[in-house]
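Atoms within a ligand are numbered from 1 in the order they appear, just like the ligands themselves.
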Amino acid sequence: MSNTIIVAGPCAAESYEQLSLTAKGLSDALAAQKRQLDYFRAGVWKPRSQPDAFAGCGEKALPWLQDIQEQYGFPVCVEVNAPEQLDLCEKHHIKTIWIGSRTGVNPFDIQEIASAIQGRDFTVMVKNPMIADLKLWIGNIERFRKAGVKQIMAIHRGFADSGESVYRNRPGWEIAIDLKIHFPEMPILCDPSHIAGNRNYIGQLSQLALDYGFDGLMIETHHQPENALSDAAQQLTPDDFVNLLLSLNFKDNVTSPAENELRKQRTQINNIDTQLSVLLRKRMEVVDLIAKIKQEHNLPVVQPEQWKKVVDLYLKESLQDNDYQDFINNFLELLHQSSIKRQRK
Ligand code: PEP
Ligand code: MN
């Protein structure tokens, strides 16, 4: 864990008490592991999709964050989406900002912030734009480089474009890896919280990110996630966050090339299994709906012609491969039996 950049803190600053309890929880839990946070995050100006959603506390949260920074000694970072916010951050000694994925889609906004930052001492973390456009992400980073920013990091938070994903945002790992190839010296962090949208997936996404060679993790934490005013489903308590860190396999632990290769392949398997397990559960939910319709209309549970269509669909994929066909036949038998059992119930 030692070389990995760790950023944690709530989605949004909600009150002094919430920031203070979260920072204390993080500080205590990490101290027990002889570790400190690299950055404490909290959104102050929150760009939201819905007009009535909580949009952050704005300027009044900055003195709270300044206090947290002084008390706990970890640098605070906030999202900035307009040049005047830089002045307010500076006034409160906040020297690290991140560019959000929504701001990242507008080069005019990025240029305004980059021009305003010229000659000032800020560290800038640039999240990927919401759309899966590598050139736009690279261009946003270039604007800050041209403005003379010395410390720039990238943050991968997934893409809000179409495409099947069990997560809130499609990971699109290949785009983040291409960015790493383009800027080999620049640290790239992963934000599994915004990719996942659900705290249950954060562990597996974090491990994937470490296996892909990311340099850090930004993870949303809240002292009471269920009461959070934004992104409640994806935040972790400080204790759960530290337990998650302890469960991860950090890359300094890798010993042999074979182990490295194995980890890469296991990463793929983990990714596929995650998607499979969610899809199978979703399939069962649809089976329940079908059972209800059949019951209401007094239809039989087993409808052989419908099942034949399912079998044909799967077998189309397995024409040339006998072993695979055997596997699919066994798998379908199990699927069919459990579906019938569930519908009978
Ligand atoms: C955030 O970090 O709270 C945030 C809003 O991120 P994103 O821009 O990735 O949605
Ligand atoms: Mn958030």
Considering only heavy atoms of [X], which atoms of ligand 1 have at least one such atom less than 4.0 Å away?
X    : value
W98  : 1 (C), 2 (O)
G100 : 8 (O)
K46  : 1 (C), 3 (O), 5 (C)

Q) Is there a heavy atom of C11 sitting under 4.0 angstrom from any atom of ligand 1? A)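 Judged by the 4.0 Å heavy-atom criterion, C11 does count as contacting ligand 1.
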Q) Judged by non-hydrogen atoms, does M130 sit under 4.0 Å from ligand 1? A)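 No, that is not the case, since the closest heavy atom of the residue is not under 4.0 Å from the ligand.
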Q: Report the angle formed at the Mn ion (ligand 2) by atom SG of C11 and atom OD2 of D231, rounding to the nearest 10°.
A: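 The two atoms form an angle at the metal of about 100°.
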(Q) Does ligand 1 come near enough to D191 that some N or O of the ligand is less than 3.5 Å from an N or O of the residue? (A) no
Q. Looking only at N/O atoms, are D231 and ligand 1 under 3.5 Å apart anywhere?
A.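 No - when backbone and side-chain N and O of D231 are compared with those of ligand 1, no distance drops under 3.5 Å.
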Q. Tell me, which N, O or S atom in E220 is closest to the Mn ion (ligand 2)?
A.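 For E220, the N, O or S atom at the smallest distance from the Mn ion (ligand 2) is OE2.
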**Q.** Nearest protein heavy atom with distance in Å, relative to atom 8 (O) of ligand 1
**A.**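 The closest one turns out to be S101 N, 2.8 Å.
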Q) Are the side chains of Q337 and K341 in touch, meaning some heavy atoms are under 4.5 Å apart? A)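 Contact flag for Q337/K341 side chains = no.
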Q. For atom 6 (O) of ligand 1, which candidate among K127, E79, R157 provides the closest heavy atom?
A. K127
